[in-house]
Visitor: 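A single structure is presented below for examination.
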Amino acid sequence: MIHESFSRQAPDSASASAVASDSGWGPLGTLPGNPIMWILIVSELAVFGAALVGYAGARLRDPTGFVAAQDSLDRIAGAVNTAVLLTSGLFAALAVEARRADRRAAGRWLLLTAALLGCVFLGVKGSEYARELAAGHDIDSHPFFMFYYLITGFHALHVVLGLIILAIVAWFDSLENYETGAAFWHMVDLVWIVVFPCLYLMR
Amino acid sequence: MDRNALRRLTACWIGLVALTAAVGFLSDFAPRLQQLAVAGIALATLLKTRLVLAHYLGLRAAPGALSGFVSAIAVILVLVAVAIGVTPLLANAFS
């Protein structure tokens with residue numbers, strides 16, 4: 001399966017998932033891309049979900065302290081990063097459509113644009129971290145910042161992993177690989193969509 | 001590239017950016033209308049996740065999986081929103 005997944009000669013069709021649906025994956029076979037990626041996506045969403053529920057539970061012990069800590073975050077930077085990731089997700093989705101139409105060069109350019117926007121996200125996130133650390137808000141300064149650095153840091157690691165996956169997909173450019181790589185990238189997008197309001201906005 | 005797909009994905013992106021702006025706007029009301037703002041933010045966030053799952057991830061072709069993912073995310077958002085928005089209200093009521 002892994003060999004097929006990264007083969008440059010993998011068979012293409014209108015939906016690469018149709019191939020997977022015949023290979024005993026059950027309902028996962030009907031989803032776009034490699035079913036193993038969907039298992040990973042479900043696991044990742046469960047991990048981030050558990051972290052956010054833990055955050056909500058910890059917040060109950062000190063709601064005033066959490067609000068004060070939240071107010072030090074740069075909500076504009078968070079919103080900008082949300083827009084950047086959403087736009088990156090659009091380019092990743094368009095890349096899959098381009099590959100589906102057998103426009104390989106366009107697909108690669110669209111993937112590259114999605115990856116560049118991922119780098120912009122990391123740059124903005126890095127500047128946010130630098131500002132918080134300069135203000136004396138490190139991982140030990142308050143439980144809020146422990147959750148903030150752990151959740152957003154783990155998410156940033158996924159962005160880095162996503163960039164690597166997009167680079168691999170641009171090279172091994174079968175339709176299934178496009179769908180699989182884009183699915184991971186959209187998962188990264190989806191997690192941020194939930195993390196941003198929970199950490200920055202709900203207070 | 002399929003023009004319909006291009007149009008659909010672009011419309012989805014516009015919807016997502018508009019909802020992001022709406023969420024930011026709602027957060028400005030958080031200090032005054034906390035419960036309402038938190039509920040609005042949670043609802044707008046759920047709509048955004050549904051848009052990403054259905055259109056970016058292509059789950060509109062798999063309605064069962066779409067419902068499953070949206071339900072799981074809704075549970076997380078409800079737990080966080082209740083912890084943030086409703087619990088202080090209950091604490092005030094019983095103090």
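Note that this is a predicted model, so its numbers are computed, not measured. Convention: sequence-line order gives letters A, B, ...; per-chain numbering from 1.
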Visitor: Within this structure, what is the CD1-OH distance for the pair B:Ile41 and A:Tyr200, rounded to the nearest 0.5 Å?
Guide: 14.5 Å

Visitor: Flag the one option from B:Leu57, B:Thr45, B:Ile76 with the top tally of heavy-atom pairs under 4.5 Å to chain A.
Guide: B:Leu57

Visitor: Just give me the residue among A:Leu45, A:Ile41, A:Thr87 that pairs up with chain B most often, heavy atom to heavy atom, under 4.5 Å.
Guide: A:Thr87

Visitor: Where does B:Val52 contact chain A at under 4.5 Å (heavy atoms): side chain, backbone, both or neither?
Guide: side chain

Visitor: Select one option (side chain, backbone, both, neither) describing which atoms of B:Leu19 are under 4.5 Å from chain A's heavy atoms.
Guide: neither

Visitor: So, taking the atom named CG in B:Leu47 and the one named CD1 in A:Ile193, what distance separates them when rounded to the nearest 0.5 Å?
Guide: 11.0 Å

Visitor: Please name the pair of heavy atoms, one in A:Leu31 and one in B:Ala62, separated by the smallest distance, quoted to 0.1 Å.
Guide: CD2-CB, 3.7 Å

Visitor: Against chain B, label A:Trp185 side chain, backbone, both or neither, depending on which of its atoms sit under 4.5 Å from a heavy atom there.
Guide: neither

Visitor: Tell me, side chain or backbone of B:Arg8 under 4.5 Å from chain A's heavy atoms, or both, or neither?
Guide: side chain

Visitor: Who among B:Ile73, B:Leu79, B:Leu59 has the most heavy-atom pairs with chain A under 4.5 Å?
Guide: B:Leu59

Visitor: Are the side chain of B:Tyr56 and the backbone of A:Leu86 linked by a donor-acceptor contact shorter than 3.5 Å?
Guide: yes

Visitor: Measure distances from B:Ala42 to the heavy atoms of chain A and classify the residue's part below 4.5 Å as side chain, backbone, both or neither.
Guide: both

Visitor: Given a strict heavy-atom distance threshold of 4.5 Å, which part of A:Leu110 is in contact with chain B: side chain, backbone, both, or neither?
Guide: side chain

Visitor: Are the side chains of A:Pro63 and B:Ile84 in contact, using a 4.5 Å heavy-atom criterion?
Guide: no

Visitor: Pick one of side chain, backbone, both or neither for B:Thr20, based on which atoms fall under 4.5 Å of a heavy atom in chain A.
Guide: side chain

Visitor: Is there side-chain contact between A:Thr82 and B:Lys48, with at least one heavy-atom pair below 4.5 Å?
Guide: yes

Visitor: Using heavy-atom distances under 4.5 Å, tell me whether B:Leu9 contacts chain A through its side chain, its backbone, both, or neither.
Guide: both

Visitor: What's the separation between atom CZ in B:Phe69 and atom CG in A:Leu190, rounded to the nearest 0.5 Å?
Guide: 8.5 Å

Visitor: Looking at A:Arg103, A:Glu97, A:Arg75, A:His186, which makes the most heavy-atom pairs under 4.5 Å with chain B?
Guide: A:His186

Visitor: Considering only heavy atoms, which portion of A:Ala93 lies under 4.5 Å from any heavy atom of chain B: side chain, backbone, both, or neither?
Guide: both

Visitor: Do you know the tightest heavy-atom contact between B:Ser27 and A:Arg203?
Guide: O-NH1, 3.2 Å

Visitor: With respect to chain B, which residue among A:Asp189, A:Leu94, A:Leu52, A:Val53 yields the maximal number of heavy-atom pairs within a distance under 4.5 Å?
Guide: A:Leu94

